[in-house]
There are 2 protein chains.
Amino acid sequence: MSTKPAVNGAHKAAIRQENEEQILAAAERVFADFGFKGATTARIAETANVPKANVHYYFNTKEALYRRIMEDVCDHWLEAAMTFDNSADPAVILRGYIEAKMDLSRARPYGSRLWAHEIIRGAKFSSEYISTTVKNWLDSRVIVIRGWIDEGKMDDVEPYTLMYMIFATTQHYADFGRQIEIFNNDKPLSDAQFAEAKENVVRIILKGVGLS
Amino acid sequence: MSTKPAVNGAHKAAIRQENEEQILAAAERVFADFGFKGATTARIAETANVPKANVHYYFNTKEALYRRIMEDVCDHWLEAAMTFDNSADPAVILRGYIEAKMDLSRARPYGSRLWAHEIIRGAKFSSEYISTTVKNWLDSRVIVIRGWIDEGKMDDVEPYTLMYMIFATTQHYADFGRQIEIFNNDKPLSDAQFAEAKENVVRIILKGVGLS
DNA sequence: TTTTAACCTGACCAAACGGTCAAGATAAAT
DNA sequence: ATTTATCTTGACCGTTTGGTCAGGTTAAAA
């Protein structure tokens, strides 16, 4: 059509960005639904409304596309992880972290399910990321929790077990969302139901470790 | 070789049973590791040490094999579920159930991971089973828990949320076992570590709902 | 011993897959 | 106006996949 008056190559850049975003969004859904092997480039292309060859134009291989999405998901998770550092009160910090993870499961379930697929498969693409970035983050939180225990602010619980419990419970609402939906008479949890679940999860865990 | 003196067609029956078991065990591993699509009949055959054609002789299609394994896994889970009915004391019942689920995650992780794959995929093969058998079991436990709450034996928590928390936390040790292993300096949890985790999970949840 | 039924398997096939490519269309630079 | 660089896509290709099948072996029945 018309040549936009945009400065420099702004139009071409916009086209690239829009197509990449469209493909990434489609791929995140398809990978989450079918796993790495089960997802086909044809389906990703169809979901993104572009020809299959175009997917390969922007992302050379299926594996490259998969890795890129894993990175994006991890970035989002590290953001949520930051809510662990905002306050000196253990109850406030833990509540904030649990709520942030619950909200992320609700707002971006595909990322969580993609992660679950990846770990179940043996973390072939992400074991290095887990053993460095994620492990460092986790170990530092464990030290914080041990500090709270030593100061008598909470019960003497094994910190890793507590963190795994938070991971598992919050991500369950994304990873096993379909099962929860079936138990809920085949209807997704309403906002009110989810809010109630979130409050209950916070309450049980905080009380469980002696923080209420 | 020699024709065994076995009564009737006992030998042939034994052959069938042994081959089926070998294929089922191999398929459970391979499906858990790679998902439905990612698992190949060739790999299942290789793992079971039988020619590929033999897999199709005993189980017509890949889907039939998958369904059969899903049923087997569910049977085992319903056994664990029965530990919910042994006593009148809520703390004893919940502790027993949580411990049984933790032990199952440790002893039979493939089943749990297979189930996780199936749910993440949208429960295409098992939604009917979940919406009937499993839902009935869950709903009846929820009624039991509501009874305990009404009798003032425990805190007023939303029973489904509590059950999901137990599901999520216990199965996490199977489904995300690889991640836990990486966090544990690339070594699987020792028996002592797992026992400690189990005790902590029980303690946090029981205290969290006012049962200790 | 003969017949029948069940088990076994290498070789094969159509379909689906990830990825390539040549040729055209569009926009930016000269 | 011409050249250059990027974007677009239908057609194509080699490989892998689930599944088939004919022909063989073994064991139970007659």
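Predicted, not measured: the structure shown is a model, and the values here were computed from it. By convention in this document, chain letters (A, B, ...) are assigned in the order of the sequence lines, proteins followed by strands, and residues within each chain are numbered from 1.
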**Student:** Without decimals, in angstroms, what is the distance between A/Glu63 CD and C/dG18 P?
**Tutor:**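 The distance from CD of A/Glu63 to P of C/dG18 comes to 13 Å, rounded to the nearest Å.
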**Student:** Atom CZ of B/Phe36 and atom P of C/dA16: how far apart are they, to the nearest Å?
**Tutor:**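 Rounded to the whole Å, the gap is 15 Å.
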**Student:** Just compare D/dT9, D/dG19, C/dT9 and give me whichever is closest to any side-chain atom of B/His56.
**Tutor:**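 From the listed options, D/dG19 comes nearest.
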**Student:** Does the D/dG19 base have a donor-acceptor partner in the side chain of B/Lys62 within less than 3.5 Å?
**Tutor:**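 Answer no: no donor N or O sits under 3.5 Å from an acceptor.
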**Student:** Using whole Å, what does the distance between atom P of nucleotide C/dC8 and atom CG of B/Asn49 come to?
**Tutor:**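 From B/Asn49 CG to C/dC8 P: 14 Å.
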**Student:** For B/Lys52 and C/dC7, what is the distance between atoms NZ and P respectively, to the nearest whole Å?
**Tutor:** 20 Å
**Student:** Would you say a side-chain N or O of A/Arg16 is under 4.0 Å from OP1 or OP2 of D/dT6?
**Tutor:**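 Negative; the distance criterion is not met.
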**Student:** Please report, rounded to the nearest Å, how far the P atom of C/dC7 is from the OH atom of B/Tyr58.
**Tutor:** 5 Å
**Student:** Contact class for B/Ala64 vs. all strands (heavy atom < 4.0 Å): base, sugar-phosphate, or nothing?
**Tutor:**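 It contacts nothing in the nucleic acid.
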**Student:** Which one of B/Leu162, B/Ile149, B/Ile145 satisfies the side-chain contact (heavy atoms from CB on, under 4.5 Å) criterion with B/Val209?
**Tutor:**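 The side-chain contact (heavy atoms from CB on, under 4.5 Å) with B/Val209 is passed solely by B/Leu162 among B/Leu162, B/Ile149, B/Ile145.
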**Student:** Expressed as a whole number of angstroms, how long is the span from A/Ile23:CD1 to D/dT8:C1'?
**Tutor:**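 Distance, rounded to whole Å: 11 Å.
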**Student:** Less than 4.0 angstrom between a side-chain N/O of B/Asn19 and OP1 or OP2 of C/dC8, yes or no?
**Tutor:**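 Yes.
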**Student:** What is the distance, rounded to the nearest whole Å, between atom CD1 of A/Ile15 and atom P of C/dT26?
**Tutor:**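 For the pair A/Ile15 CD1 and C/dT26 P, the rounded distance is 11 Å.
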**Student:** Reckon A/Tyr57 has a side-chain N or O less than 4.0 Å from the OP1 or OP2 of D/dC7?
**Tutor:** yes
**Student:** Both A/Gly38 and A/Ala53 contact DNA chain C. Taking the nearest nucleotide for each, which residue is further toward the 5' end?
**Tutor:**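 Looking at the nearest nucleotide for each, A/Gly38 comes out on the 5' side.
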**Student:** Using 4.0 Å as the upper bound for N to carboxylate O, is an ion pair formed by B/Arg67 and B/Glu71?
**Tutor:** no
**Student:** Taking all non-hydrogen atoms of both residues, which atom of A/Phe84 and which atom of A/Ile93 are closest, and how far apart?
**Tutor:** O-CG2, 3.2 Å
**Student:** Determine whether A/Ile44 and A/Leu65 satisfy the following criterion, side chain to side chain contact (heavy atoms under 4.5 Å, CB included), listing intermediate values before the conclusion.
**Tutor:** CA-CA 10 Å; A/Ile44 292 170; A/Leu65 180 54; 4.1 Å; yes
**Student:** Starting at the 5' end of DNA chain D, which residue's closest nucleotide do you reach first, B/Lys37 or A/Pro51?
**Tutor:** A/Pro51
**Student:** Identify whether any heavy atom of A/Phe59 sits under 4.0 Å from a base atom; if not, whether one sits that close to sugar-phosphate; answer base, sugar-phosphate or nothing.
**Tutor:**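 No contact at all - A/Phe59 keeps every heavy atom at 4.0 Å or more from the nucleic acid.
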**Student:** What is the distance from CG of A/Asn54 to P of D/dG10, rounded to the nearest Å?
**Tutor:** 10 Å
**Student:** With heavy atoms under 4.0 Å as the rule, sort A/Ala45 into base, sugar-phosphate or nothing.
**Tutor:**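 The answer is nothing, as A/Ala45 stays clear of every strand by at least 4.0 Å.
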**Student:** Is the closest basic N to carboxylate O distance between A/Glu128 and A/Lys135 below 4.0 Å?
**Tutor:** no
